[in-house]
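All remarks here apply to the structure that follows.
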There are 2 protein chains.
Amino acid sequence: MKITYKGDYALKTILDLSLHFGEGPITINDLARRADIPIKFLEQILLDLKSAGFVESRRGKIGGYLLSRAPSEIKLGEVVRFIDGPIEPIACVDKSYKGCKDLSTCVFRNIWSKIRDSTSATIDSITFEDLARRAKESSAVVVYQI
Amino acid sequence: MKITYKGDYALKTILDLSLHFGEGPITINDLARRADIPIKFLEQILLDLKSAGFVESRRGKIGGYLLSRAPSEIKLGEVVRFIDGPIEPIACVDKSYKGCKDLSTCVFRNIWSKIRDSTSATIDSITFEDLARRAKESSAVVVYQI
DNA sequence: CTATACTCTACTATTATAATAGAGATTATA
DNA sequence: TATAATCTCTATTATAATAGTAGAGTATAG
């Protein structure tokens, strides 16, 4: 698994929308500014996230983006897989890989496969509700530390 | 972590050398043919592996490559890190990352960090002696199945 | 009607990946 | 000592992914 900038931006954006769930649409501009994401890049990412059903949009004057589902119904793993592709560390865990004469005797395959399963289990056990709660807690701590 | 073709080839080559440890040098040609690796690409990879001290070489007529250390002293993780870089799924686990205003409040960072630690633990617990044993076992099974 | 905001397609710059090419250096052995 | 086999080193290239940038178009609240 490799998280690209695109993936990183997508996750931060869904987290932001989760923190404001139920408060109406948020503009691309606000989302981009708050997470320090190039606005034109975020436009594309949001269109992707919309096509996958993670978010929906409102056009026009009081438009913006909002989550299509409750944060508790969106797993971290879903977003990661959608934006950055499969979790496995090497394509050979999948069938299409051409790099091995004999997959059945490849001792590495089992290892990559286990790493994939363990990573998947982690990111599929975390929802954006969890992440939003943690984000609130850690920002509370920061305020306290000041 | 992402295993590239280069990484995949390096691991297969070290495994081959582990399976023939103590039997004298093996030529690039043999290594390339047995693992189906482009020979000129493997030349470069072996020079890298040599510079890192994983293998040593003999030039001239009965030359070739051999392991610098016993297979039991080479961890899978060492080779992976050397060829394909750090294990973490995103650079933000490291300090140099510019994508976050405030790393301390980033809820994702902890998750990537845990995934990195768990992946590291897995690949650092496996040596090429282990892998060679497994490879012998699985090829034995294949023979039996015929 | 118009300002605000999303939509859509195309383009570009940079870097990584996966090689390929070829001349050079070393060594066993006939 | 000649030579064939083998490793060494540097340069070049093709393709794809990544990370944007650009700009014209569409929808809607007020």
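Naming: A, B, ... by sequence-line order, numbering from 1 per chain. All values derive from a computational prediction rather than experimental measurement.
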dG23(D) P sits how many Å from I39(A) CD1, rounded? 15 Å
Under 3.5 Å, is there a donor-acceptor pair between the K50(B) and S57(B) side chains? yes
R69(B) and salt bridge (charged side-chain N to carboxylate O under 4.0 Å, His left out): which single residue from E129(B), E78(B), E56(B) fits? E78(B)
May I have the distance from L31(B) (atom CG) to dT6(D) (atom P), rounded to whole angstrom? 12 Å
Under the ring pair (Phe, Tyr, Trp, His ring centres under 6.0 Å) rule, what pairs show up with a residue in residues 10-43 of chain A, not counting sequence neighbours? Y9(A)-F41(A)
Go through the structure and list residues passing side chain to side chain contact (heavy atoms under 4.5 Å, CB included) with N29(A), not counting sequence neighbours. T27(A), I39(A)
Mind checking what makes salt bridge (charged side-chain N to carboxylate O under 4.0 Å, His left out) contact with K40(A), not counting sequence neighbours? E43(A)
Going by atom types only, do R116(B) and S113(B) share a side-chain donor-acceptor pair under 3.5 Å? yes
Name the first nucleotide and the last nucleotide along DNA chain C (5' to 3') that come under 4.0 Å of a heavy atom in chain A. dT4(C) to dA10(C)
Whole Å only: how far is the CD1 atom of I45(A) from the P atom of dA19(D)? 9 Å
Any donor-acceptor N or O pair under 3.5 Å, side chains D117(A), S120(A): no
F82(B): ring-ring contact (aromatic ring centres under 6.0 Å, His included) partners, not counting sequence neighbours: F54(B)
Would you tabulate the pairs of protein nitrogen or oxygen atoms and nucleotide nitrogen or oxygen atoms of nucleotides 9-11 of chain D closer than 3.5 angstrom?
from   : atom 1 : to     : atom 2 : distance (Å)
dC9(D) : N4     : E43(B) : OE1    : 3.4

